[in-house]
2 protein chains.
Amino acid sequence: MSPCLSSADPSVTGSGCALRRVLDAVGGKWKILLIVALSQTDELRYGELRKLVYGITNTMLASSLKELEADGLVMRTQYAEMPVRVEYSLTDRARTLVPILMELKDWGEKNL
Amino acid sequence: MSPCLSSADPSVTGSGCALRRVLDAVGGKWKILLIVALSQTDELRYGELRKLVYGITNTMLASSLKELEADGLVMRTQYAEMPVRVEYSLTDRARTLVPILMELKDWGEKNL
DNA sequence: CGCCATGGTCAGATTTTCCTTACCACGTCA
DNA sequence: TGACGTGGTAAGGAAAATCTGACCATGGCG
């Protein structure tokens, strides 16, 4: 919908476009929380994530993880054990986002 | 809904709680874009904002501004002129958020 | 065989968000 | 008088996001 002009465009239409892409990728109720949860260790299992992120449902956990993986922010590794063990971890790209999310969290603690 | 434990709580339930508050305050499709638009000058009129933030509707502009004001992020000033002139500006509190949003934008440009 | 745990999927309902269209109040200018 | 510009509001509905509850495949264990 947005024309997405050059990133040199000073208007919010253009420079906001990168922001709109960010919001598309990590917006919504759960994705940022998932990224922060995953940032606290190397990897987490599906069930651990579900316990850690208070209130998330099965459906949202599965679909959010799938979208984060599609956007190259999360990696899924399945181990051939029984019962199946699946570990989720952040990609390097996502790890560069984490400090910014922490600033956001700090800002929220001080200002909201 | 979230119990919002102490901010020392290492789980996402607790430490994520500040993040959830941030998401409540500036989440959604338009608020971050509005803050960035407002960060580019001292103040902007209603009509200027509508032109600047590509695609926003009257309803969303008015309701987003109202909520941002209620959260202490935006200030509304009405001048006794004819026709009525209303200027919107960021509060100091919101201005401390802007650098973080810029980092988010830069991250999006490099990583999405 | 029947039950357990893990890591999900699916359909349908509900809730939240957002959009569309129309309209309003004010004073001013012609 | 009536049209105009500014800064909105209101009702209704569409669309998107999220939730609910049921269910499934796998193999191991008793």
Side-chain angles (χ1 to χ4, degrees), chain A residues 1-2 12-13 16 19-35 37-38 41 43-71 74-89, chain B residues 1-3 12-13 16 19-35 37-38 43-71 74-89:
Chain A
M1 203 100 316
S2 147
V12 175
T13 303
L19 271 174
R20 292 188 203 221
R21 268 180 283 141
V22 173
L23 294 178
D24 279 353
V26 301
K29 194 169 175 182
W30 301 112
K31 287 181 182 173
I32 285 185
L33 300 179
L34 284 174
I35 291 172
L38 286 166
T41 52
E43 48 183 20
L44 284 172
R45 306 179 60 164
Y46 184 88
E48 290 173 321
L49 271 170
R50 197 172 40 200
K51 277 172 214 145
L52 210 48
V53 178
Y54 181 85
I56 196 166
T57 62
N58 246 342
T59 319
M60 287 313 293
L61 178 52
S63 80
S64 299
L65 285 172
K66 208 171 273 185
E67 288 174 20
L68 287 170
E69 201 190 348
D71 283 327
V74 157
M75 220 181 65
R76 194 191 107 112
T77 315
Q78 180 166 343
Y79 294 92
E81 301 175 1
M82 254 336 126
V84 183
R85 180 165 62 99
V86 177
E87 301 269 4
Y88 288 94
S89 60
Chain B
M1 203 98 320
S2 147
V12 174
T13 302
L19 272 174
R20 293 189 202 220
R21 268 179 282 140
V22 172
L23 294 178
D24 279 353
V26 303
K29 193 168 174 182
W30 299 112
K31 287 180 181 174
I32 284 185
L33 299 179
L34 284 174
I35 291 172
L38 285 166
E43 47 184 19
L44 284 171
R45 307 179 58 164
Y46 184 89
E48 291 172 322
L49 271 170
R50 195 171 43 199
K51 278 173 213 143
L52 210 49
V53 178
Y54 181 85
I56 197 168
T57 63
N58 244 343
T59 318
M60 287 314 293
L61 179 51
S63 80
S64 299
L65 285 172
K66 207 170 274 185
E67 288 174 21
L68 287 170
E69 202 191 348
D71 284 326
V74 157
M75 219 180 64
R76 194 191 108 112
T77 315
Q78 179 166 343
Y79 294 92
E81 302 176 2
M82 252 341 122
V84 183
R85 180 164 64 98
V86 176
E87 300 270 2
Y88 289 94
S89 60

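To find a chain, count down the sequence lines: A is the first, B the second, and so on, and within it residues start at 1. Hydrogens, waters and symmetry mates play no part in the numbers below; they use all other heavy atoms, side chains included.
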K.L.:
Just checking Y79(A): base, sugar-phosphate only, or nothing, at a heavy-atom cut-off of under 4.0 Å?
P.N.:
nothing
K.L.:
Answer whether the closest heavy-atom distance between the side chains of Y46(B) and R76(B) falls below 4.5 Å.
P.N.:
no
K.L.:
What pairs of residues pass the salt bridge (Lys or Arg N to Asp or Glu O under 4.0 Å) test when at least one of them lies in residues 54-69 of chain B, not counting sequence neighbours?
P.N.:
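Sorted result for residues 54-69 of chain B: K31(B)-E67(B).
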K.L.:
How long is the line joining CG of N58(A) and C1' of dA17(D), in whole Å?
P.N.:
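Computing the N58(A):CG to dA17(D):C1' distance gives 17 Å.
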K.L.:
Through what angle, rounded to 10 degrees, does the axis of the helix from dC1(C)-dG30(D) to dA30(C)-dT1(D) turn between its ends, using five pairs per end?
P.N.:
30°
K.L.:
With heavy atoms under 4.0 Å as the rule, sort R76(A) into base, sugar-phosphate or nothing.
P.N.:
sugar-phosphate
K.L.:
Nearest 0.5 angstrom please: W30(B) CH2 to M60(B) CE, how far?
P.N.:
8.0 Å
K.L.:
Check the distance between dA25(D)'s P and Q78(A)'s CD and give it to me in whole angstrom.
P.N.:
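Distance, rounded to whole Å: 16 Å.
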K.L.:
M60(B) CE to dT21(C) P: how many Å, rounded?
P.N.:
17 Å
K.L.:
Are L44(A) and L52(A) packed together at the side-chain level, in the sense that at least one heavy-atom pair is separated by less than 4.5 angstrom?
P.N.:
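In short, these two side chains touch, coming nearer than 4.5 Å.
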K.L.:
Got T77(B) and V86(B) here, is their nearest side-chain heavy-atom distance under 4.5 Å?
P.N.:
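Not touching, per the 4.5 Å side-chain cut-off.
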K.L.:
Please determine if a side-chain N or O atom of K66(A) lies less than 4.0 Å away from the OP1 or OP2 oxygen of dG8(C).
P.N.:
no
K.L.:
Examine dG7(D): is either OP1 or OP2 under 4.0 Å from a nitrogen or oxygen in the side chain of R45(B)? Give yes or no.
P.N.:
yes
K.L.:
I need the CE-C1' distance between M82(B) and dG8(D), as an integer number of Å.
P.N.:
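Rounding to the nearest Å, CE of M82(B) and C1' of dG8(D) are 13 Å apart.
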K.L.:
Assign each of A62(B) and G28(A) to its nearest nucleotide of DNA chain D by heavy atoms, then name whichever residue's nucleotide is nearer the 5' end.
P.N.:
A62(B)
K.L.:
Any non-hydrogen side-chain atom of D71(B) less than 4.5 Å from a side-chain atom of V26(B)?
P.N.:
no
K.L.:
Is the phosphate of dC19(D) approached by T57(A) (side-chain N or O, under 4.0 Å from OP1 or OP2)?
P.N.:
yes
K.L.:
Are any of the side-chain heavy atoms of L65(A) and Y88(A) separated by less than 4.5 Å?
P.N.:
yes
K.L.:
Check this for me, if you would: do E48(B) and R50(B) make a salt bridge, where the nitrogen-to-carboxylate-oxygen distance has to be below 4.0 angstrom?
P.N.:
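So E48(B) does not pair with R50(B) through a salt bridge.
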K.L.:
Please report the distance, rounded to the nearest Å, between CG in L49(B) and P in dG7(D).
P.N.:
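Going from L49(B) (CG) to dG7(D) (P), I get 10 Å.
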K.L.:
Specify the separation, in whole Å, of atom CD1 of I56(B) and atom C1' of dG8(D).
P.N.:
13 Å
K.L.:
Any side-chain N or O of K29(A) under 4.0 Å from OP1/OP2 of dC19(D)?
P.N.:
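Indeed, a polar side-chain atom of K29(A) lies that close.
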K.L.:
Roughly how many Å is it from CG in L61(A) to P in dC10(C), rounded to a whole number?
P.N.:
16 Å
K.L.:
For a quick check, tell me whether the side chain of S63(A) and the base of dT18(D) share a donor-acceptor pair closer than 3.5 Å.
P.N.:
no
K.L.:
Between R85(A) and dT26(D), is there a side-chain N or O to OP1/OP2 distance below 4.0 Å?
P.N.:
no
K.L.:
Give a yes or no on whether a donor-acceptor pair under 3.5 Å exists between the nucleobase atoms of dT9(C), that is its base, and the side chain of T59(A).
P.N.:
no
K.L.:
Within this structure, what is the CG-to-P distance between L44(B) and dT6(D), rounded to whole angstrom?
P.N.:
15 Å
K.L.:
It should be established whether Y46(A) places a side-chain nitrogen or oxygen under 4.0 Å from OP1 or OP2 of nucleotide dA5(C).
P.N.:
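No, Y46(A) has no side-chain N/O under 4.0 Å of OP1/OP2 on dA5(C).
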